[in-house]
Amino acid sequence: MFVLRQCLTLGTKSSVRNFAAATNLVNVKINEDTGVVIMELNKPPVNSLNYELLEAMHRTLVKLENERCSGMILTSSSPNTFSAGLDLLEMYKPTVDKARKFWGMLQNTWIKLYSAPYPTVAAINGHSPAGGCLLAMSCEYRIMVPKKKIGLNETQLGIVAPQWFQDCMKNIIGSRQAEKALIAGTLFSSEEAAKIGLIDELATDKEDLMKKAHDFMDEQLGLPPLARSTVKIGFRKDTLNRLINSREVDTKYFIDFIFQPKVQESLEMYLQALKKK
Ligand SMILES: CCCCCCCCC/C=C/C(=O)SCCNC(=O)CCNC(=O)[C@H](O)C(C)(C)COP(=O)(O)OP(=O)(O)OC[C@H]1O[C@@H](n2cnc3c(N)ncnc32)[C@H](O)[C@@H]1OP(=O)(O)O
């Protein structure tokens, strides 16, 4: 596979096809030779995850199930941010129906991404708080540019990272480190995240980021796919099933929590602080 990529970069014809998406909220390109897909989140300025962006991601992940997709690199078109996490406006004074629909789409998207049989890499080219960190943690491998922030900072906003967000973090950095980070709502620098294993590799810059992402992909594509994906799903099934078997309860927790006046107050203050920056 390494040789194949060398040929491609040395000018042997490689066909990269834009994967027709009904929206430009995600840019999706598939390399027809290798089957490697690059999904770039494209909702400026910070890829906040609103219903429409999540739906575009979900639709792409479903579509990839019928394509010859051998692996996916998830990244962002924003110069500074991978994803700012859930769009706070989806949680600030929504209707119950809107909040329910939003949460359902977040669950759908996470289930598809976390259970994708092919290798997935997060090429984290900027800040990645809260839901952004969830997306990164749902991939199999994380590479990040220096001097950005990543973590589940929900506590600091007066909200709570749901159980499945917490499970993802525990699975990566272990229960003790996750408990500390979640209680404090810690945002780690890229360098700290590399030290505790929240990210797997630090890149020197964006070019190095994509090179490293392709290197990881090349290694994975050299493995027998069925054996590879069977082990992956084996590791992830308890975490997946925990949500799949309690989606309604999880949605009810979300709705009950965000509609509390104190939570709405915290969100309002946080939104104002972001605007004042
Ligand atoms: C029991 C269980 C119950 C469960 C109960 C509930 C569970 C909820 C779980 C929640 C998970 C989440 O992800 S909550 C989301 C947490 N996310 C965050 O805290 C990130 C907040 N954002 C930032 O820190 C920064 O924006 C950052 C990402 C570093 C980029 O900084 P920059 O300086 O480049 O950009 P900014 O100037 O800050 O932002 C640009 C514009 O984007 C807006 N913006 C930024 N982040 C935004 C966001 N997440 N949602 C909406 N809008 C956002 C700003 O207001 C600006 O708007 P204009 O001024 O109009 O241009």
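Start at 1 and go down the list; that is how both ligands and their atoms are numbered.
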Less than 3.5 Å between some nitrogen or oxygen of [X] and one of ligand 1, yes or no?
X	answer
Y253	no
H127	no
M91	no
L86	yes
A161	no
S48	no

Donor-acceptor contact present, side-chain [X] to main-chain [Y], <3.5 Å:
X	Y	value
N50	L53	yes
E201	M144	no
R142	G197	no
N27	E40	no
E90	A99	no
Q166	A161	yes
E154	G185	no
R17	N31	no
N153	Q156	no
S70	G35	yes

Can you tell me the protein heavy atom closest to [atom] and the distance?
atom	answer
atom 27 (C) of ligand 1	T81 OG1, 4.3 Å
atom 45 (C) of ligand 1	V46 CG2, 3.6 Å
atom 7 (C) of ligand 1	V160 O, 3.2 Å
atom 60 (O) of ligand 1	K275 NZ, 2.8 Å
atom 33 (O) of ligand 1	K277 NZ, 3.0 Å
atom 40 (C) of ligand 1	P45 CG, 3.7 Å
atom 23 (C) of ligand 1	L274 CD2, 3.8 Å
atom 5 (C) of ligand 1	F257 CD2, 3.4 Å

_Centroid separation Y141 to F216 less than 6.0 Å_ =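 Yes; F216 has its ring centre under 6.0 Å from that of Y141.
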Side chain, backbone, both or neither: [X] near ligand 1, heavy atoms under 4.0 Å:
X	value
E154	side chain
N153	side chain
D87	both
L157	side chain

*Test item: protein heavy atom less than 4.0 Å from atom 56 (C) of ligand 1*: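 Protein heavy atoms within 4.0 Å of atom 56 (C) of ligand 1 - there are none.
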*Protein non-hydrogen atom below 4.0 angstrom of atom 50 (N) of ligand 1 present*: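 Yes, there is a protein heavy atom closer to it than 4.0 Å.
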*asked:* I'd like to know if E191 and K148 make a salt bridge, using a cut-off of under 4.0 Å between side-chain N and carboxylate O.
replied: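 No.
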*Do D208 and K212 sit within salt-bridge range, that is, some charged N less than 4.0 Å from a carboxylate O?*
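A salt bridge is present here (some side-chain N lies under 4.0 Å from a carboxylate O).
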*Nearest heavy atom to atom 12 (C) of ligand 1 wins, so pick from P44, C133, A130.*
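Looking at heavy atoms only, A130 sits closest to atom 12 (C) of ligand 1.
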*asked:* Going by the closest heavy atom to atom 47 (C) of ligand 1, which one wins out of G185, G158, S78, A84?
replied: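 The option holding the nearest heavy atom is A84.
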Close-contact set for ligand 1 against [X] heavy atoms, below 4.0 Å:
X	answer
G85	13 (O)
Y270	18 (C), 19 (O), 20 (C), 21 (C)
G131	12 (C), 13 (O)
I159	8 (C), 10 (C), 14 (S)

*asked:* Please identify which of these residues, V121, I73, I124, I199, meets the side-chain contact (heavy atoms from CB on, under 4.5 Å) condition with I143.
replied: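 The residue from V121, I73, I124, I199 that satisfies side-chain contact (heavy atoms from CB on, under 4.5 Å) with I143 turns out to be V121.
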*Heavy atoms only: give me the nearest P146-L202 pair and the separation to one decimal.*
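Taking P146 first and L202 second, the nearest heavy atoms are CA-CD2, 4.3 Å.
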